[in-house]
*Asks:* 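Sharing a structure here in structure tokens format.
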Amino acid sequence: MSLTRNAEATAARTANSRWLELLARAGFIGYGVVHLLFAWLALQIAFGNPAADGDQSGALRTLAAQPLGAFLVGAIAVGMLAMAIWQALEALIGHHAEGRDRTKERLFSAGRTVVYLWLAWTAYKVVSDANSDSASQQEELSARLMQSSGGRWLVGLAGLALAGIGVGMVIYGIKKKFLKRLKTGEMSPGTLRLARRLGVAGYAARGVAFAITGLLVVLAAVNYDPEKARGLDTALRTLRDQSYGPVLLVLVALGIAAFGVYCFLQSRYRKV
């Protein structure tokens, strides 16, 4: 057996590990908690109340400030790491789809690996009392990159990619493509109906937030304004400041909360 096949066989055995599956399912619960807190912070922004950064790092810091919060954030970090390992293995050994669909699914898994690793690292920094202000860090990084014309192009392309991901999330939700990742055969009709509604609302809301963030990053690159490249927090505040912005932001917050609840369903019914 070749070295490549040995590596694939080892990865497959790890992917089928019962402990990895349990940790990944626990990770979905943590992911849901983060999004519920994220939605609460977005509501605070919508009503003009001072709040921590309205992004995932702000949500984790809010949780860490509660009784037993540090323990829960640490548990979320472990769950996110398990989900990152799971998706990395999916990217390495592939999916059950064939041809171009398989390649596309593997690329999506690689992208999810990066997201889950970032959340795990952010949670670790919150627990260790390190600087986890992602908005300020993103602004600082953008400022450094935009010191050169090539860096501004890079920031602009990153913004376009982020906006594209947001649009893709909206389409993914509206077309209900998330259902193929669930064990729908094990769901009751009522649970399936609930999962469908939560998934559509959740992915659409997250997509809107990501798309606005991406557009702001593009504008930051065009106008050389790093303050506009501060991430989801700035995107939510920008949306609030528009006509009917508070109403729209409330709808986005409710959609993000719906995604949080959907994550709880994924913990039970996601194909892992």
*Asks:* Hey, mind stepping through Ile29 and Phe264 against side-chain contact (heavy atoms from CB on, under 4.5 Å) and telling me if it holds?
*Replies:* CA-CA 5 Å; Ile29 295 176; Phe264 297 152; 4.1 Å; yes
*Asks:* With clusters defined by side-chain heavy atoms of hydrophobic residues (ILVMFWY) lying less than 4.5 Å apart, directly or transitively, does Val78 cluster with Val115?
*Replies:*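 In one cluster with Val115: Val78, no.
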*Asks:* Within this structure, what is the CG-CE distance for the pair Leu117 and Met80, rounded to the nearest 0.5 Å?
*Replies:*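 Result: 11.0 Å between the selected atoms.
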*Asks:* Do Leu179 and Leu182 have side chains that approach each other closer than 4.5 Å (heavy atoms only, starting at C-beta)?
*Replies:*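 They are in contact (side-chain heavy atoms under 4.5 Å apart), so the answer is yes.
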*Asks:* Taking it one step at a time, do Tyr262 and Leu194 satisfy side-chain contact (heavy atoms from CB on, under 4.5 Å)?
*Replies:* CA-CA 9 Å; Tyr262 173 72; Leu194 177 62; over 6 Å; no
*Asks:* Output the distance between atom CG (Leu215) and atom OG1 (Thr238), rounded to the nearest 0.5 Å.
*Replies:*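 Nearest 0.5 Å value for the CG-OG1 distance: 10.5 Å.
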*Asks:* Measure the CG-OH distance between Leu192 and Tyr269 for me, rounded to the nearest 0.5 Å.
*Replies:*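 Result: 10.0 Å between the selected atoms.
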*Asks:* Do you know the tightest heavy-atom contact between Ala120 and Leu81?
*Replies:*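 In this case the closest contact between Ala120 and Leu81 is CB-N, 3.9 Å.
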*Asks:* Donor-acceptor check, side chain of Arg106 to backbone of Leu92, threshold 3.5 angstrom: yes or no?
*Replies:*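 Yes, Arg106 side chain to Leu92 backbone: donor-acceptor pair under 3.5 Å.
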*Asks:* When you group the ILVMFWY residues by side-chain heavy-atom contacts below 4.5 Å and let the links chain together, are Trp118 and Val73 in the same group?
*Replies:*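 Yes, same cluster.
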*Asks:* Restricting to non-hydrogen atoms, name the atom on Ala253 and the atom on Ala39 that form the minimum distance, rounded to 0.1 Å.
*Replies:*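 The pair with the smallest heavy-atom distance is O-CB, 3.2 Å.
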*Asks:* Below 4.5 Å, heavy atoms only, C-beta onward: do Leu36 and Val261 meet side chain to side chain?
*Replies:*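 Sidechains of Val261 and Leu36: in contact.
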*Asks:* Looking at every heavy atom in both Gln87 and Ser109, which two are closest together, and how far apart are they?
*Replies:*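 Closest heavy-atom pair between Gln87 and Ser109: OE1-OG, 3.0 Å.
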*Asks:* Within the 4.5 Å heavy-atom criterion, are Phe71 and Val127 side-chain neighbours or not?
*Replies:*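 No, side chains not in contact.
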*Asks:* Does a side-chain N-to-carboxylate-O contact under 4.0 Å join Glu90 and Arg112?
*Replies:*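 Salt bridge absent between Glu90 and Arg112.
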*Asks:* Membership question, hydrophobic clusters at under 4.5 Å side-chain separation (ILVMFWY): are Leu23 and Phe28 in the same one?
*Replies:*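 No, Phe28 and Leu23 fall in different hydrophobic clusters.
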*Asks:* Would you indicate whether the side-chain heavy atoms of Thr191 and Ser188 approach each other to under 4.5 Å?
*Replies:*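 In contact.
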*Asks:* Check whether any side-chain heavy atom of Tyr116 lies under 4.5 Å from a side-chain heavy atom of Ile85, and answer yes or no.
*Replies:*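 Tyr116 vs Ile85: side chains apart.
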*Asks:* Look up atom CG in Leu249 and atom CD1 in Ile212, then write down how far apart they are to the nearest 0.5 Å.
*Replies:*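 Result: 8.5 Å between the selected atoms.
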*Asks:* Could you walk me through whether Lys271 and Arg181 pass the side-chain contact (heavy atoms from CB on, under 4.5 Å) check?
*Replies:* CA-CA 6 Å; Lys271 296 175 182 177; Arg181 303 185 186 281; 5.6 Å; no
*Asks:* Is the number of heavy atoms from other residues, nucleotides or ligands under 6.0 Å of Lys183 NZ greater than 12?
*Replies:*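 Yes, enclosed.
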*Asks:* For residues Phe178 and Tyr203, establish whether the separation of their ring centroids is below 6.0 Å.
*Replies:*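 Ring centres of Tyr203 and Phe178 closer than 6.0 Å.
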*Asks:* What I'd like to find out is whether the side chain of Met187 reaches to under 4.5 Å of the side chain of Arg193, using heavy atoms alone.
*Replies:*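 Counting from C-beta outward, Met187 and Arg193 never come under 4.5 Å.
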*Asks:* Let me confirm one number: the CD1-CZ distance from Ile45 to Arg237, rounded to the nearest 0.5 Å.
*Replies:*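 One finds 4.0 Å between CD1 of Ile45 and CZ of Arg237.
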*Asks:* Would you say the side-chain atoms of Arg25 pair up with the backbone N or O of Ser267, donor to acceptor, closer than 3.5 Å?
*Replies:*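 Such a contact is found between Arg25 side chain and Ser267 backbone.
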*Asks:* Restricting to non-hydrogen atoms, name the atom on Ala24 and the atom on Ala82 that form the minimum distance, rounded to 0.1 Å.
*Replies:*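 Nearest heavy atoms, Ala24 then Ala82: N-CB, 4.0 Å.
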*Asks:* To the nearest 0.5 Å, what is the distance between CG (Leu160) and CD1 (Ile165)?
*Replies:*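 Reported value, rounded in 0.5 Å steps: 11.0 Å.
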*Asks:* Do Ile76 and Tyr31 touch side chain to side chain, with heavy atoms closer than 4.5 Å?
*Replies:*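 In short, these two side chains do not touch, never coming nearer than 4.5 Å.
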*Asks:* Any heavy-atom pair between the side chains of Gln242 and Leu248 that's under 4.5 Å?
*Replies:*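 Side-chain contact under 4.5 Å: no.
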*Asks:* Could you pull out the closest heavy-atom pair between Lys177 and Lys180, with the gap in Å?
*Replies:*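 Minimum heavy-atom separation between Lys177 and Lys180: O-CG, 3.1 Å.
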*Asks:* For Ala258 and Ala201, which heavy atoms make the closest approach, and how far apart are they?
*Replies:*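 Nearest heavy atoms, Ala258 then Ala201: CB-CB, 4.1 Å.
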